[in-house]
Amino acid sequence: MTAITSDIDKAAGVLRAGGLVAFPTETVYGLGANAEDSAAVARVFQVKGRPPSHPLIVHLGGAEHLGDWVEEVPATARLLAERFWPGPLTLVLRRGRRVALQTTGGMETVAVRVPDHPVALALLSAFGGGVAAPSANRFGQVSPTTANHVRTELGDAVDFVLDGGPCDVGVESTIVDATGEIPSILRPGGVTREDLEAALGRPLAVHSTSRIRVPGQHPSHYAPRAQVILVEPEDIAAEAESAQERGHQVGVFLPPAFADAPVKAHTVVAVPDSMAAYARGLYGFLRELDQRGCDLIIASLPAEEGLGLAIANRLRRAAGPRPTA
Ligand code: TXA
Ligand code: MG
């Protein structure tokens, strides 16, 4: 499904005028602003309720533009860009002058990626510049994977919403720090660690709990309203039953191996067998359990390989301690 050309032109005009456009990517919907316009970028932070020190990703229309936005392109970054763009990979590099400091949260590095979605690419091509965009949700909450999620959550705060149908990957891009000689994964995502390692010919460190200041690393993130607890798969049924008895409205993520187990819960989501389908559905499942009135979600972690690494990362964050304010 592609948005019509007049919508693309209108959205590009909104960006040029300093407005905000929500747009589809292959991972999740983004809340976009002109990456060179400090005031527009400031509004993104305001609409999201995100601390201004937390950097945004700059979206580009093609790998050929990379050199315009970063100070230098190390050989490793070049290799990864050629292999994985357009696609769910974000490279952190040294900031080029063109990028507004607001976009990078004041940092001297910048995160860039070329999204693999026809509507996003049409928008970027019509606009011509870089689009700074975080996921189009309020800070700390579940990322949107449909245009309706965006409208429900952000409503009139966005000037224009481009509808490109449901996102195909469903979890955010993999973020790789490519500033140094040895790249490392800052956030697991749509490109798997195994694919990156195959492309690089060497193992990669995963720093998903590093000291590096990145908002995705806040203990509670990607969180639905309901509390999320993680248990071993064989304990799900007993945990659900006891929580129901304590008066909770329980939502359960039931892994495929336990699909036939009798589970007493308010709502049961059958976790898909394939990790790609699980990633695609994950945020929608969390939203659905909230909508159905569940106040407790019981899930277990998938094997942390392939896309399972990103899914487990998001579930851990969703289950992380919530801010007390
Ligand atoms: O798939 C995605 O990456 C989506 C779509 C819209 O492209 N975007 C996304 O943006 O997930 P956001 O803002 O929700 O998460 C971007 C993450 C931040 O949490 C931060 O961890 C990292 O990008 N980031 C941005 N700039 C950085 C920098 N200079 N150094 C390290 N991390 C950075
Ligand atoms: Mg986000």
Side-chain angles (χ1 to χ4, degrees), residues 20-33 35 41 44-45 47-60 69-71 84-96 99-117 119-121 123-124 130-145 149-150 153-154 162 164 167-180 183-191 207-218 220-223 279 283 310 313-314 317-318:
L20 306 189
V21 173
F23 65 99
T25 80
E26 79 281 36
T27 58
V28 301
Y29 274 70
L31 176 61
V41 169
V44 170
F45 285 98
V47 165
K48 265 191 77 96
R50 173 155 160 166
S53 57
H54 289 180
L56 308 181
I57 295 172
V58 177
H59 296 71
L60 304 178
W69 297 88
V70 302
E71 188 66 32
F84 295 104
W85 284 353
L89 174 71
T90 294
L91 296 174
V92 172
L93 293 163
R94 293 161 66 82
R95 180 178 72 92
V99 187
L101 263 178
Q102 272 79 2
T103 298
T104 69
M107 300 207 294
E108 286 306 327
T109 53
V110 62
V112 280
R113 86 175 189 101
V114 178
D116 186 14
H117 192 291
V119 175
L121 291 173
L123 174 67
L124 289 160
V131 173
S135 51
N137 53 281
R138 301 220 186 258
F139 183 56
Q141 292 172 15
V142 178
S143 300
T145 49
H149 293 162
V150 179
E153 195 162 332
L154 300 180
L162 272 174
C167 300
D168 195 42
V169 176
V171 292
E172 296 82 351
S173 60
T174 302
I175 301 178
V176 169
D177 177 356
T179 53
S184 62
I185 296 176
L186 300 178
R187 176 181 74 181
V191 169
H207 289 301
S208 50
T209 52
S210 83
R211 290 152 287 118
I212 298 176
R213 179 166 58 84
V214 283
Q217 315 305 329
H218 189 280
S220 169
H221 215 86
Y222 315 107
Y283 292 144
N313 171 274
R314 304 308 187 268
R317 296 270 144 68

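Whatever order the structure lists ligands and atoms in, that order sets their numbers, starting from 1. All of these numbers come straight from a predicted model, not from anything done at the bench.
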Query raised in the report: Nearest 0.5 Å, what's the OG1-CZ distance between T179 and R95?
Result: 14.5 Å
Query raised in the report: Any sub-3.5 Å donor-acceptor pair from R138's side-chain atoms to V47's backbone N or O?
Result: yes
Query raised in the report: Is any N or O atom of Y29, backbone or side chain, closer than 3.5 Å to an N or O atom of ligand 1?
Result: no
Query raised in the report: Knowing that exactly one of T90, T27, T25 qualifies, which makes a side chain to side chain donor-acceptor pair (under 3.5 Å) with S173?
Result: T90
Query raised in the report: Does R95 approach ligand 1 within less than 4.0 angstrom via side chain, backbone, both or neither, non-hydrogen atoms only?
Result: neither
Query raised in the report: Just going by heavy-atom distances, which of G105, P24, P55, P134 is nearest to atom 27 (C) of ligand 1?
Result: P55
Query - Derivation of the side chain to side chain donor-acceptor pair (under 3.5 Å) call for S143 and E172 - result: CA-CA 8 Å; S143 300; E172 296 82 351; 2.5 Å; yes
Requested in this report: Check for a donor-acceptor pair, side chain of K48 on one end and backbone N or O of A136 on the other, with a separation under 3.5 Å.
Outcome: no
Query raised in the report: Should the ring pair Y283 and Y222 be called parallel, tilted or perpendicular, given that the plane angle runs from 0 to 90° and is split at 30 and 60?
Result: parallel
Requested in this report: Check each atom of ligand 1 against the heavy atoms of M107 and keep those under 4.0 Å away; list them by number with element.
Outcome: 28 (C), 29 (N), 30 (N)
Report task. Would you mind listing which atoms of ligand 1 come within a distance below 4.0 Å of any non-hydrogen atom of T27? Result -> 1 (O), 2 (C), 4 (C), 5 (C)
Query - I175 contact mode with ligand 1 (heavy-atom cut-off under 4.0 Å) - result: side chain
Query raised in the report: Is R50 touching ligand 1 with its side chain, its backbone, both, or neither, if touching means heavy atoms under 4.0 Å apart?
Result: side chain
Query raised in the report: Is ligand 1 under 4.0 Å from a heavy atom in the side chain of T109, in the backbone, in both, or in neither?
Result: both
Query raised in the report: Can you name the nearest heavy-atom pair linking Y29 to C167, along with the distance?
Result: CD1-SG, 3.5 Å
Query raised in the report: When you look for heavy atoms under 4.0 Å from ligand 1, do you find them on the side chain of E172, its backbone, both, or neither?
Result: both
Query raised in the report: Counting backbone and side chain alike, does N137 bring an N/O/S atom below 2.8 Å of the Mg ion (ligand 2)?
Result: no
Query raised in the report: OG1 of T174 to CZ of R187: how many Å apart, nearest 0.5 Å?
Result: 8.0 Å
Query - Contacting atoms of ligand 1, where contact means under 4.0 angstrom from a heavy atom of H59 - result: 5 (C), 6 (C), 7 (O)
Query raised in the report: Strictly under 4.0 Å, does any heavy atom of T104 approach an atom of ligand 1?
Result: no
Report task. With rounding to the nearest 0.5 Å, note down the distance linking NE2 in H221 to CG in N313. Result -> 10.0 Å
Query raised in the report: Which of these, K48, R94, R187, has its nearest heavy atom closest to atom 15 (O) of ligand 1?
Result: R187
